[in-house]
Asks: 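Take a look at the following structure, please.
A, B, ... follow the sequence lines: proteins, then strands. Residue 1 opens every chain. No experiment lies behind these values; they were computed from the predicted model shown.
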There are 2 protein chains.
Amino acid sequence: MQFNIENSLGFLVNRTNKKMKNEFLQNLKPYDVTPEQWALLNRLWEEEGISSKELAELTCKDQPNIARILDKLEKKELIFRRPNPSDNRSFLLYLTDRGRELEEKLIPLALSTLEKALEGIEKEQVEELKLLLNRIYANLE
Amino acid sequence: MQFNIENSLGFLVNRTNKKMKNEFLQNLKPYDVTPEQWALLNRLWEEEGISSKELAELTCKDQPNIARILDKLEKKELIFRRPNPSDNRSFLLYLTDRGRELEEKLIPLALSTLEKALEGIEKEQVEELKLLLNRIYANLE
DNA sequence: TGAATATAATTGCCGGGACAATAACATGTA
DNA sequence: TACATGTTATTGTCCCGGCAATTATATTCA
């Protein structure tokens with residue numbers, strides 16, 4: 001029985017994911033935000049006033065993790081929770097001014113990180129790559 | 001400024017990685033081994049008697065993590081540490097009989113998990129995918 | 001040789017992911 | 001209405017990843 005892990009897809013996806021995340025983390029450091037915190041902020045830059053549950057679905061994270069990441073963002077005063085008038089179990093999420101202002105800095109940062117990662121790779125190949133990643137994801141759903 | 005995170009490579013790589021890892025985790029559960037523990041065992045199935053440092057390099061993990069994963073494998077009596085005769089700071093890693101016996105079960109499990117993930121994807125496309133992941137990794141080195 | 005420097009392994013700390021359990025509230029139905 | 005059931009958010013527990021600091025041993029070099 002053979003299993004060449006060096007060349008195994010699981011190993012390569014994991015390794016590349018760690019590298020990309022870490023590269024982004026380093027770039028984000030001056031702003032005291034992590035890639036996961038960035039991902040939540042990114043959704044709120046698109047639309048405020050959503051619930052923790054909606055955020056979990058949008059970001060493909062589970063609710064306990066969302067709750068804890070939100071705690072951190074709230075401590076940093078980048079977001080705040082407000083009671084949900086139509087459901088007393090729930091609350092809605094809003095950006096503070098500081099949280100809103102970060103968009104202008106952090107989106108270009110994400111784009112330039114991605115640009116570095118994709119240097120020298122053709123646009124069609126990147127699209128092909130995304131298709132394959134989505135296909136794998138769908139195969140395991 | 002626009003940033004469609006749904007379609008962002010970082011998001012897709014991260015999402016697919018989590019899904020693959022979790023699928024494998026579920027399959028490994030009956031054996032009480034995690035994907036990361038599996039990765040270390042896999043290296044030892046190839047070659048015993050290596051050091052923690054060598055293992056870290058081979059698996060692209062950092063040494064503190066390796067030490068902790070090894071602690072777990074040792075508690076489960078799948079591996080053991082033996083002093084390194086040529087360097088008293090170091091030790092060498094060996095499989096127990098139980099650790100060695102797992103290979104026969106767990107390699108087919110890894111292969112079938114991968115097979116499910118790659119269902120319906122052409123062999124050349126998988127190779128292309130690996131090339132691109134390696135290229136991205138190299139771009140960030 | 002002896003002191004400075006480098007290296008191997010570990011520990012502590014923090015961030016995040018998976019999962020089980022819980023508390024509080026909503027909803028559906030007898 | 002009253003009770004069973006479902007849902008939202010949270011907390012606890014464990015696993016892994018990154019990084020700084022520490023301990024013990026090796027190596028280098030004045």
Asks: In this structure, how many angstroms lie between the P atom of D:dT10 and the CG atom of A:D71, rounded?
Replies: 7 Å

Asks: Flag yes if more than 12 heavy atoms outside B:Q26 fall under 6.0 Å of its CD atom; otherwise flag no.
Replies: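 Atom CD in B:Q26 is packed in, count exceeds 12.
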
Asks: List, one per line, each side-chain donor-acceptor pair under 3.5 Å for residues 119-128 of chain A, sequence neighbours excluded.
Replies:
| residue | atom | partner | partner atom | Å |
| --- | --- | --- | --- | --- |
| A:Q125 | NE2 | B:E128 | OE2 | 2.5 |
| A:E128 | OE2 | B:Q125 | NE2 | 2.5 |

Asks: Any Lys/Arg nitrogen of A:E141 or B:K19 sitting under 4.0 Å from an Asp/Glu carboxylate oxygen of the other?
Replies: yes

Asks: Side chains of B:R89 and B:N84: is there a donor and an acceptor less than 3.5 Å apart?
Replies: no

Asks: Rounded to the nearest angstrom, tell me the gap between atom CD in A:E23 and atom P in D:dG18.
Replies: 13 Å

Asks: Without swapping roles, check the side chain of B:K72 against the backbone of B:Q37 for a donor-acceptor pair under 3.5 Å.
Replies: no

Asks: Closer than 4.0 angstrom, basic N to acidic O: yes or no for B:K18 and A:D62?
Replies: no

Asks: To the nearest Å, how far apart are A:L55 CG and C:dG16 C1'?
Replies: 15 Å

Asks: Whether the B:N14 and B:N17 side chains hold a donor-acceptor pair (N or O, under 3.5 Å, no angle test) is what I'd like checked.
Replies: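 No.
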
Asks: One character per nucleotide, please: for nucleotides 17-22 of chain C, 5' to 3', B when the base has a protein heavy atom closer than 4.0 Å, S when only the sugar-phosphate does, - otherwise.
Replies: BBBB--

Asks: Taking only N and O in the side chain of B:N88, is any of them less than 4.0 Å away from OP1 or OP2 of D:dA26?
Replies: yes

Asks: Scan nucleotides 4-8 of chain D against the protein and return all N/O pairs shorter than 3.5 Å with their distances rounded to 0.1 Å.
Replies:
| residue | atom | partner | partner atom | Å |
| --- | --- | --- | --- | --- |
| D:dG6 | N2 | A:R89 | NH1 | 2.9 |
| D:dT7 | O4' | A:R89 | NH1 | 3.4 |
| D:dT7 | O2 | A:R89 | NH1 | 2.5 |

Asks: Specify the separation, in whole Å, of atom CG of B:N17 and atom C1' of D:dG17.
Replies: 12 Å

Asks: What is the distance, rounded to the nearest whole Å, between atom NZ of B:K75 and atom C1' of D:dC14?
Replies: 12 Å

Asks: Between A:D97 and A:R100, does any NZ, NE, NH1 or NH2 come within less than 4.0 Å of an OD or OE carboxylate oxygen?
Replies: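 Counted as a salt bridge, because a side-chain N and a carboxylate O are separated by less than 4.0 Å.
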
Asks: Output the rounded distance in Å from CG (B:N84) to P (D:dA24).
Replies: 18 Å

Asks: How many whole angstroms separate atom CD of A:E54 from atom C1' of D:dA9?
Replies: 14 Å

Asks: Identify whether the distance between the nearest side-chain nitrogen and carboxylate oxygen of B:E36 and B:K21 falls below 4.0 Å.
Replies: yes

Asks: How long is the line joining CD of A:E74 and C1' of D:dA9, in whole Å?
Replies: 13 Å

